[in-house]
Amino acid sequence: MSDMATLRESGASGIQQLARLAYEQFGLDLREGKEGLISSRLGKPMRARGIESLEKYCAFVQADRSGEALTELIDALTTNHTSFFRESKHFDFLQEVAFPAWRRLRNIQIWSAACSSGEEPYSLAMTMLEHLGPEGAGAQILATDISTRVLLTAAKGLYPEDSFPKPLPGWLTKYLLRGRGSFEGWFQVKPNVRRMIQFEQVNLIRPIPTRPLFAAIFCRNVMIYFDRATQEQVVNRLAAFLEPGGYLFVGHSESLSGVRHSLEYVRPATYRKPRVGAGDKS
Ligand SMILES: C[S@@+](CC[C@H](N)C(=O)[O-])C[C@H]1O[C@@H](n2cnc3c(N)ncnc32)[C@H](O)[C@@H]1O
């Protein structure tokens with residue numbers, strides 16, 4: 001059955017049910033006009049399971065206690081697209097502005113809060129090791145995503161060669177192991193870099209258990225899926241986990257305009273938690 005036929009079979013109530021489920025579980029905003037996206041993305045998993053209507057697919061997802069069906073749903077409806085050193089302006093900002101201010105800090109904590117398959121937290125770890133000196137080696141990165149599937153990939157730290165910038169910059173080779181034999185054409189991130197990162201499943205739209213405060217939180221290219229109310233909740237929840245003076249980085253195509261929050265605008269896609277009673281703008 002074609003994807004459009006699957007959708008016709010499902011009817012409007014199936015689409016509404018699915019949209020409600022995605023909103024309640026992940027905060028995904030699948031309002032009017034997203035029928036095409038729903039049918040093209042869910043046709044494959046539904047066919048693979050022999051499920052012929054969205055109503056039945058919703059019932060299947062809700063009945064599955066393992067969480068696997070929910071992961072399948074979020075993976076189908078969102079993109080896990082990411083890359084090493086994506087949106088390089090943020091990495092320039094770290095080196096030019098944040099790192100000099102962090103030099104005296106011990107136990108720097110960073111959070112990559114929708115890390116997908118791990119390229120973002122590994123890029124952060126390698127940048128910190130390269131440019132932050134001994135403080136970089138002591139830094140810890142919490143890397144989270146809602147999808148357990150991408151987290152499994154991320155934890156392996158194993159990527160095809162073409163995932164990295166070409167030609168591979170000399171400095172990066174220090175942090176990568178070149179695959180041999182059946183791993184020819186692959187690189188694995190070295191254990192000392194992998195040890196800096198802790199991977200965990202976190203759903204950003206749910207209350208988040210207490211954590212140490214972070215010097216920076218990267219929450220990039222996920223807010224785009226949320227409506228204004230959810231964005232506001234997520235931004236304020238993340239802001240509560242920032243140290244005074246800590247930075248929140250969002251994707252350059254995501255804007256916090258119209259979202260009420262207590263952070264200061266620093267530059268595009270970069271915000272800072274005010275230091276109470278200090279005029280320090282570093
Ligand atoms: C496009 S990727 C962004 C990866 C990386 N931050 C970057 O900018 O390259 C979006 C990620 O957000 C995750 N995601 C979607 N909804 C989420 C939620 N409610 N809580 C946590 N992660 C979520 C998806 O699983 C996906 O891996």
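In this chain, residues are counted from 1 in sequence order. Note that ligands are numbered from 1 as they come in the structure, with each ligand's atoms numbered from 1 the same way.
Residues satisfying the side-chain contact (heavy atoms from CB on, under 4.5 Å) test with Ser83, not counting sequence neighbours, are Arg86.
The shortest contact between atom 12 (O) of ligand 1 and any protein heavy atom is with Val222 CG2, 3.4 Å. Asn203 OD1, 3.7 Å is the protein heavy atom nearest to atom 18 (C) of ligand 1. If you check which protein heavy atom lies closest to atom 20 (N) of ligand 1, you get Leu204 N, 3.0 Å. Here the protein heavy atom with the shortest distance to atom 3 (C) of ligand 1 is Arg220 O, 3.5 Å. Given atom 9 (O) of ligand 1, the protein heavy atom at minimum distance is Thr82 OG1, 2.6 Å. The protein atom (non-hydrogen) at minimum distance from atom 11 (C) of ligand 1 is Asp145 OD2, 3.6 Å. At the shortest separation from atom 23 (C) of ligand 1 among protein heavy atoms lies Ile146 CG2, 3.5 Å. When hydrogens are left out, the protein atom nearest atom 7 (C) of ligand 1 is Arg86 NH1, 3.3 Å; that is the closest non-hydrogen contact.
Remark: Gln95 CD is packed, more than 12 non-hydrogen atoms of other residues, nucleotides or ligands lying under 6.0 Å away. Atom CZ of Phe183 is surrounded by 12 or fewer heavy atoms from other residues, nucleotides or ligands within 6.0 Å. No more than 12 heavy atoms of other residues, nucleotides or ligands lie within 6.0 Å of NZ in Lys89, so this atom counts as exposed by the packing criterion.
Here Leu152 contributes atom CG and Gln201 contributes atom CD; the two are 10.5 Å apart, rounded to the nearest 0.5 Å.
Applying the side chain to side chain donor-acceptor pair (under 3.5 Å) test to residues at least two apart or on different chains, the pairs with a partner in residues 109-125 are Gln109-Gln140, Trp111-Thr144, Ser112-Glu120, Ser117-Glu119, Glu120-Arg220.
Residue Asn221 has at least one nitrogen or oxygen atom sitting less than 3.5 Å from a nitrogen or oxygen atom of ligand 1, judged on distance alone. Looking at Glu120 next to ligand 1, an N or O pair under 3.5 Å apart turns up. Residue Phe26 has at least one nitrogen or oxygen atom sitting less than 3.5 Å from a nitrogen or oxygen atom of ligand 1, judged on distance alone.
The side-chain heavy atoms of His131 and Leu94, taken from C-beta on, include no pair separated by under 4.5 Å.
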### side-chain contact (heavy atoms from CB on, under 4.5 Å) evaluation trace for Leu73 with Leu18
CA-CA 10 Å; Leu73 181 60; Leu18 194 279; 3.9 Å; yes

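Close approach of ligand 1 to Asn80 is summarised as follows: ligand atoms under 4.0 Å from at least one heavy atom of the residue are 24 (C), 25 (O), 26 (C), 27 (O).
Relative to atom 2 (S) of ligand 1, the option among Leu77, Asp75, Thr79, Ile74 with the closest non-hydrogen atom is Thr79. Of the candidates Ser116, Ser112, Ser147, Ala114, the one placing a heavy atom closest to atom 5 (C) of ligand 1 is Ala114.
Under 4.0 Å from ligand 1, the heavy atoms of His81 that appear belong solely to its backbone. The residue Thr144 has no part lying near ligand 1, judged by heavy-atom distances below 4.0 Å.
Ion pairing between a basic and an acidic side chain is recognised when a charged N comes within 4.0 Å of a carboxylate O; Lys166 and Glu161 show no such pairing. Looking at Glu52 and Lys56, a side-chain N of the basic residue comes within less than 4.0 Å of a carboxylate O on the acidic one, giving a salt bridge.
The aromatic ring centres of Tyr225 and Phe26 sit 6.0 Å or more apart.
Val202 counts as a contact of ligand 1, since one of its heavy atoms falls under 4.0 Å from the ligand.
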